[in-house]
Each structure stands twice: as structure tokens, then as C-alpha cells.
Amino acid sequence: MRDPRYDILFEPVQIGPVVARNRFYQVPHCCGMGYARPKTAAAMRGMKAEGGWAVVSTEECDIHHTSDISPYIEQRLWDDNDIEQHSLMVEAVHAHNSLAAIELAHSGRMAPNHFSRTIPIGASGGPNPGFDPVSARQMTLRDIRELRAIYRRAALRARAIGFDIVYVYAAHMLTLPAQFLSKRFNHRTDEYGGSLENRVRFLKELIIDAKEAVGDRCAIAVRWMMDEMMGEDGLQCDEEGIEVVSMLAELPDLWDVNVSDWDNDSATSRFQPEGFQEPYIQRVKQVTSKPVVGVGRFTSPDTMVSQIKRGVLDMIGAARPSIADPFLPKKIEEGRLDDIRECIGCNICITGDYTMTPVRCTQNPTMGEEWRRGWHPEIIPAAKSAESVLIVGAGPAGLECAVALGKRGYQVTLTDANDDFGGRVLFESALPGLSAWRRVLDYRMQQLHKLSNVETYLSSEMDLDNIIEFGADRVVIATGANWRTDGFGRERYIPVPGSDQSWVYSPDDVMNGLTLQGQVVIYDDDHFYMGSVMAEVASNLGAEVTIVTPAPDVSHWTHYTLEQQAIQQHLAKLGVAIRVQWEIKEIGDQSVSFDCCYSERHMLLSCDQIIMVTSRQPNDELYQSCVDNMDQLRSAGVLTIDRIGDCVAPGTIAAAVYSGHLWARQLGDDDSDSELPFSRELIKVSA
Ligand code: ADP
Ligand code: SF4
């Protein structure tokens with residue numbers, strides 16, 4: 001039963017000529033599926049509609065070959081050949097009475113056009129702001145007229161396909177209308193440059209054109225950024241941000257508001273809390289009577305209700321919360337708040353876009369598997385036998401495996417040597433900025449409490465004899481991994497001389513309570529978040545910290561999670577000394593020496609403690625001893641012994657959760673004679 005306090009979330013909202021059945025709005029988000037994987041995308045978007053999102057949007061949909069952001073895989077509507085794949089998504093969304101929205105986009109000078117080989121076009125000419133050795137040319141007045149016609153054609157196609165909401169995308173500097181508006185990118189002297197009225201002209205014309213073309217049946221939404229978070233150098237909320245909205249206030253049917261650029265908009269929980277965009281969204285609501293959608297990693301229904309009642313926004317926009325839990329609206333509607341898989345704000349989902357692969361999620365292992373494996377986030381096939389399963393290790397892999405097996409109906413026993421559940425998540429969520437990661441543990445514990453067929457035992461270190469004595473039908477080893485101290489990492493595959501000294505530590509030592517003091521060196525050859533977090537811990541304890549890495553910048557892989565800039569800024573603010581492109585050579589007597597990655601230069605740092613953040617090794621002794629004694633296990637009735645998660649190969653928390661889920665889904669599923677474990681969308685070669 002729904003809590004009446006949340007009734008307001010389920011009120012319908014009129015958006016121009018269409019009505020959303022509630023206030024839950026999946027805003028456009030990239031997914032690494034796009035034009036290349038239309039069935040995968042349609043099934044994923046359809047799942048959100050099934051889960052109660054009243055509006056489900058595409059990702060950026062480029063309307064013309066002059067807007068080619070290859071190799072990134074977004075949507076395209078370049079000509080009629082792209083219609084069919086969009087129809088799949090619209091049908092999937094309409095099947096659940098939700099509205100389908102399409103985010104029509106042109107990337108202007110940000111599109112390098114690698115595939116189309118067209119010279120990029122921009123409000124003004126100039127180099128591509130990425131690292132591409134490509135420049136745009138300034139659009140002529142004729143180009144502008146032609147592009148308006150192209151937008152109009154795309155809107156007409158969108159309406160013919162069946163989309164209910166058509167976007168004019170002017171948020172993020174990725175988009176041409178935003179570039180026209182920007183003093184940085186628009187240096188024109190004609191009627192499209194100079195004054196704000198002139199710079200806003202292109203956006204205004206696009207909205208008017210779209211309304212004239214398809215406004216009879218489709219709502220016209222504008223996605224707009226209120227602030228670029230770069231002070232006077234960029235667009236500011238209280239200046240041109242709000243002035244633009246005031247000038248166009250009643251023109252579109254809906255305002256979808258955020259901040260720019262993407263790293264600010266999709267900030268991780270390490271740097272921004274839930275609802276952090278409120279001050280920006282609220283300003284829009286004050287100057288328009290049209291519905292306002294805003295984002296802010298909303299997962300709490302109380303926060304959502306508060307935002308609506310306080311007049312911050314009208315519709316709860318979500319990308320990441322809808323990825324972590326496509327059924328979030330339905331769970332609130334049915335009063336099942338305990339079942340919500342809350343987004344942890346880690347941005348693993350965003351790495352899908354950067355690696356051009358389907359989006360995956362730490363909390364939701366079924367994300368991206370809806371079509372190719374037929375996985376449903378809320379439905380899992382019933383057990384095929386009455387077998388019992390013993391899982392050793394209650395980290396993310398073991399916990400997820402236990403929950404999924406429990407839901408299937410298997411008899412499960414989950415044990416852990418520690419006196420609390422969670423494995424690495426328990427320890428890592430206690431580190432600065434990572435507290436939201438505990439949701440990985442909390443969600444699974446909530447589920448386990450409801451499963452009477454899953455028994456749990458803490459402080460129970462298992463060895464071979466215990467496993468033989470227990471005598472389960474199936475044994476799953478999920479004993480995780482440990483950080484190494486010997487320097488074995490991405491750059492180096494043999495131990496660092498001197499790494500066996502007592503003052504050489506790993507992140508595990510720090511998470512187990514090591515006090516950091518004096519001069520501390522962090523050597524980061526892992527390149528994800530841990531090196532920077534260790535530097536933060538040491539700095540908070542008053543140590544004099546230097547972080548050294550062979551990479552070109554700190555936490556290099558976090559470019560993919562949109563955090564790199566925030567991390568490096570944060571460390572600089574903390575006073576952490578940063579040394580990049582140095583490879584560790586030798587650990588001496590209270591000193592460490594490094595070689596320059598590109599020259600014959602050397603660097604010697606004296607230090608009291610060094611933390612090696614280089615790689616982890618599987619904690620797989622128990623698994624190996626089981627494999628070596630399989631005969632004894634068979635005699636005790638054990639049919640199989642398997643390992644999952646970091647115990648197989650250390651990776652992300654997302655990978656560990658997925659591994660546990662996959663094992664649970666596959667138990668008893670021996671029927672398939674396919675050579676591949678999933679379906680592929682193949683390009684049909686026609687004559
Ligand atoms: P993953 O990410 O693969 O889930 P973690 O390292 O997070 O791995 O968790 C592994 C868990 O396994 C830890 O909580 C650890 O205490 C537990 N563990 C390790 N060895 C044993 C053992 N022999 N018996 C029971 N639990 C164990
Ligand atoms: Fe949220 Fe992380 Fe899942 Fe992305 S990957 S939706 S940030 S939990």
C-alpha cells in the first residue's frame with residue numbers, strides 16, 4: 001500500500017498536448033547502445049516504462065551527419081533509415097502507457113565528424129575543444145536556415161515514429177544552440193551574435209519551428225543548463241542562465257533543467273549529495289508556468305515530495321536512479337521502499353558511454369542484459385531443484401549471489417569470517433566521500449531479511465574441513481581479494497626492491513586502522529579512486545602527503561567516471577603534492593626512488609610510510625584447496641565448487657555484483673547449446 005504522503009508523486013502532469021501519468025521522468029541519458037544496438041536499447045527503455053517512469057527519453061539523438069560524434073554510440077536520426085530502430089523503443093515504452101521522448105541534438109563544433117568526414121560547423125569557427133586536431137567553420141546565414149530545416153525534418157520524423165515529446169537540446173556545451181548562446185563560443189557580429197537577444201535567437205527559432213511542425217501532437221521540451229560552474233568564464237545561473245529562461249519562459253511545453261558540463265551535472269556521491277542541483281532548478285520554476293523537470297540523483301521519496309511541495313520542480317528527473325532501479329516509481333507506489341535499489345553515485349554506468357559498450361550498473365546487474373540475456377530486474381526464474389548452496393564470503397559478490405539464489409527459492413547458507421557483512425564495501429564505505437557505497441550492502445541485507453530460505457553466519461571463517469563437514473550440494477567461494485604491497489601493477493610485473501620492509505603498506509592496512517603520520521607517499525599504479533582516497537585519508541590525519549603515479553594525471557581512469565578534475569582539484573586543495581609520470585624504482589631506507597617515464601631523470605623522496613596502491617590479488621587459497629581435494633568434497637555430497645567476484649579476478653564492485661548474480665541465474669540452466677551466453681545484434685549484410 002502506498003503511503004498517502006507520496007500521493008503527490010503519482011499525480012498526472014499535462015505537458016503541452018500530452019499527459020504524463022505521474023511525475024517520474026527518465027531524462028535523456030547515454031547508454032552505449034544507441035544506433036548500434038537498437039533492440040538492447042528498446043528493451044532497456046521499455047523496462048523503465050514497465051517500472052513506472054511516466055516519461056522515458058532516448059539519449060542524445062544526432063539529427064544530421066554534420067553532427068557525428070563517433071566513436072561514441074548515441075542515437076541518430078540522419079534520414080529515414082534510422083526510423084525503424086526508434087520505433088522499437090517507442091513501442092516498448094508505449095506498451096506500458098508511458099510517454100516516449102526524443103532528444104534531438106546537434107553537437108556543432110564539438111562534433112569531430114570522424115565518420116562522416118564533414119567539416120564541423122559552429123556558431124563561430126575554431127578548434128574542437130576535445131583533443132581532436134579538427135576545426136569547425138563558422139556557419140553562414142544560409143547554413144543556419146538549412147539547419148533549422150533539418151531540425152524541423154527531424155521533429156516531423158520523430159512525430160511520425162510516435163514520439164510524444166520532442167526535445168530541443170541546449171544543455172551542456174556539447175550542443176549547438178548552447179554554443180550559439182555562449183560568449184565563449186559565439187563571436188559573430190550578425191543577428192545571431194553579440195547581445196543576448198541575438199545569441200538566443202537560434203534556440204528560440206528552433207523551439208518555434210518545432211512547435212509549428214509537430215506541436216499539435218507532441219510536447220516540445222527544452223533541455224537547458226543554468227550554470228557552467230566556472231564563474232565569470234562561463235554561463236552563470238543568476239545572470240544569463242535565468243535571463244534566457246525569462247526570455248523564453250512560456251515558449252516550450254516543458255523545461256528540463258540541469259547544470260553544465262556533464263561532470264557537474266552527473267557529479268558522483270563523493271563530491272555532491274542528493275538534490276544538489278536544487279538552487280539552479282528552483283530559479284527556473286520561479287519564472288515559468290510550464291512544468292519543470294530537474295535532476296539530483298533522487299532516490300528518497302521524501303526528498304522528491306519536498307522538492308515538489310517547496311516549488312523546486314514539477315517532475316522528478318532521473319538518469320542514474322532509473323538505471324540502478326528501473327522499478328523505483330512502482331516500488332514507491334506499492335509502498336515497497338525497502339526494495340528500492342538506491343543509486344550509489346559511483347558513475348560506473350557512465351563508463352559504458354566512454355568505452356562505447358552497453359551501460360552497466362553497480363547496484364543493478366541486469367542493466368544492459370534485458371534483451372541479450374532476457375534478464376528482468378525484478379523477476380528471476382524459480383529454482384530448478386531443491387539443491388542447497390553454501391556461499392563463503394559476504395562481500396558484494398557473495399551477497400548478490402545469496403539474494404538472487406534466495407529469490408529463486410534455493411536453500412542458501414552465507415558465511416563470512418568477519419563480524420559484519422559487506423566485504424570490501426563495508427571498509428570502503430567508511431572512507432572519506434564513499435559513504436553512499438554502503439547502499440550496495442544495505443539493499444542486499446534488506447532483501448536477505450525477507451528470505452527465510454537464506455541463513456547467514458558471521459565470524460565464521462571456513463576452511464576445507466568446515467566445507468566438507470557442512471556438505472552442501474553446491475559450494476561458491478566469494479572470498480575476495482587483498483591489496484598487494486610489492487608494487488605489482490599496470491606498469492610493473494615484478495616486485496619493487498625493498499617493498500618487503502615493515503613501513504610499506506597497502507590500502508587494506510589503512511582500512512584496518514593503520515595511523516598515517518609524518519611524510520607519507522602514495523604510489524598509485526591502480527588509477528581508479530583508491531589512490532586519491534588514500535591521499536585524502538592521510539591528509540585528513542595531518543600527514544605531509546605526496547601522491548606519485550606513472551599516469552599523466554591523478555586517478556587517470558576516473559576520466560571515465562567524470563571525476564578526474566574534481567579529484568585533482570580536491571587533492572590540490574588539501575595540499576597534497578602531485579607527481580605524475582614517475583615510475584617506482586626502489587624502496588630504500590625511509591626513502592623511495594622513482595624513474596621518469598620518458599627520460600633518464602630520477603627522483604628521490606624521503607618518507608615515513610609508503611602506501612602501495614597498485615593492484616589486488618585474489619584471496620583464493622580456500623578455492624584452490626577445495627579443487628585439490630575434490631574427491632573428499634564429492635564424498636561429502638558436494639556436486640560443484642565454483643568461485644565468484646574478486647576471488648576469481650579482482651575488479652570493480654559492479655563486476656563482483658554481476659559475477660554473483662550471473663552464477664545464481666545460471667544454476668540449473670544447462671539446457672542451452674548455444675556457443676555464446678548472450679544474443680548479439682548482428683549487422684545484416686544485404687545484396
Ligand atoms: P567480492 O568483492 O568478490 O565480493 P570481498 O573482498 O568484498 O569480495 O569480500 C570477500 C569476503 O569474504 C570478506 O568479507 C571476507 O571476510 C570473506 N572471507 C574471506 N575468506 C573467508 C573464509 N575463509 N571464510 C569465510 N569468509 C571469508
Ligand atoms: Fe548509480 Fe553507480 Fe548504478 Fe550509475 S552505476 S546508476 S552511479 S549505482
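We use all heavy atoms of the structure for the numbers below, so side chains are in, but hydrogens, waters and symmetry mates are not. The first residue of the sequence shown is numbered 1, and numbering continues consecutively from there. Indexing begins at 1, ligand by ligand and atom by atom, following the structure's order. From a predicted model like this one, the values you see are computed outputs, not experimental measurements.
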> If you count the atoms of ligand 1 from 1 in the order shown, which ones are under 4.0 Å from a heavy atom of A656?
2 (O)
> Looking only at protein heavy atoms, which one is nearest to atom 3 (Fe) of ligand 2, and what is the separation?
C361 SG, 2.4 Å
> Identify all side-chain donor-acceptor contacts of residues 622-629 below 3.5 Å with residues at least two apart in sequence or on another chain.
| from | atom 1 | to | atom 2 | distance (Å) |
| --- | --- | --- | --- | --- |
| S625 | OG | L622 | O | 3.4 |
| N629 | OD1 | Q632 | NE2 | 3.3 |
| N629 | ND2 | S625 | O | 2.7 |

> What are the atoms of ligand 1, with element, lying closer than 4.0 Å to any heavy atom of S460?
24 (N), 25 (C)
> Less than 3.5 Å between some nitrogen or oxygen of T415 and one of ligand 1, yes or no?
no
> Parallel, tilted or perpendicular, judged at 30° and 60°: which one describes the rings of Y25 and Y167?
perpendicular
> Could you tell me if R297 sits above the aromatic ring of F276, with its cationic atom closer than 6.0 Å to the ring centre and no more than 45 degrees from the axis?
no
> If you take the nearest heavy atom of each of G423, G480, P396, G393, which one is closest to atom 8 (O) of ligand 1?
G480
> N/O of M462 under 3.5 Å from N/O of ligand 1, yes or no?
yes
> Can an N or O of D646 be found at a distance shorter than 3.5 Å from an N or O of ligand 1?
yes
> Any idea which protein heavy atom is nearest atom 18 (N) of ligand 1, and the distance to it?
T479 CG2, 4.0 Å
> Run the numbers for me: atoms of ligand 2, each under 4.0 Å from some heavy atom of G345, listed by number.
1 (Fe), 7 (S)
> Taking N, O or S atoms only and a limit of 2.8 Å, check whether C349 reaches atom 4 (Fe) of ligand 2.
yes
> Please list the nearest protein heavy atom to atom 2 (Fe) of ligand 2 with its residue and the distance rounded to 0.1 Å.
C346 SG, 2.4 Å
> For ligand 1, is S659 a contact, meaning one of its heavy atoms is under 4.0 Å away?
no
> Donor-acceptor check, side chain of D646 to backbone of G651, threshold 3.5 angstrom: yes or no?
yes
> Is it the side chain (CB and beyond), the backbone, both or neither of V392 that lies under 4.0 Å from ligand 1, heavy atoms counted?
side chain
> Any donor-acceptor pair under 3.5 Å linking the side chain of S388 with the backbone of Q411?
no
> Return a yes/no value for A397: is any of its N or O atoms, backbone included, closer than 3.5 angstrom to an N or O of ligand 1?
yes
> With a 6.0 Å cut-off on ring centres, are H96 and W53 close enough?
no
> Can you establish whether the number of heavy atoms outside Q565 located under 6.0 Å from its atom CD is more than 12?
no
> Tell me which protein heavy atom sits closest to atom 1 (Fe) of ligand 2, plus the residue, atom name and distance to 0.1 Å.
C343 SG, 2.4 Å
> What residue and atom, counting heavy atoms only, is the protein's closest point to atom 7 (O) of ligand 1, and at what distance?
R424 N, 2.7 Å
> Cationic tip of R372 within the cone over F678's six-membered ring, i.e. under 6.0 Å and within 45° of the normal?
yes
> Nearest protein heavy-atom contact for atom 8 (S) of ligand 2: which residue, which atom, what distance?
I344 N, 3.3 Å
> Of all the atoms in ligand 2, which lie at a distance below 4.0 Å from a heavy atom belonging to T362?
3 (Fe), 5 (S)
> Give the residue, atom name and distance (to 0.1 Å) of the protein heavy atom nearest atom 10 (C) of ligand 1.
A478 O, 3.3 Å
> Would you check if the distance from the ring center of W437 to the ring center of Y529 is below 6.0 Å?
yes
> Considering non-hydrogen atoms of the protein only, which is the closest contact for atom 13 (C) of ligand 1, and what is the distance?
D416 OD2, 3.4 Å
> Is the distance between the ring centroids of F327 and H376 under 6.0 Å?
yes
> Going by side-chain hydrogen bond (donor to acceptor under 3.5 Å, both in side chains), Q277 matches just one of N264, D265, D227. Which one?
D265
> Step through it carefully: locate the ring centre of F427, locate the ring centre of W483, and say whether they are under 6.0 Å apart.
no
> Return the residue, atom name and 0.1 Å-rounded distance of the protein heavy atom closest to atom 6 (S) of ligand 2.
R320 O, 3.3 Å
> Can you name the closest pair of heavy atoms from A92 and A42 and give their distance?
CB-O, 3.5 Å
> Any idea which heavy atoms bring R408 and A664 closest together, and the distance?
NH1-O, 2.6 Å
> Which of the numbered atoms in ligand 1 are under 4.0 angstrom from any heavy atom belonging to G645?
3 (O)
> Nearest non-hydrogen atom to atom 26 (N) of ligand 1 belongs to which of A417, G395, A394?
A417
> Heavy-atom distances under 4.0 Å decide this one: backbone, side chain, both or neither, for A481 against ligand 1?
backbone
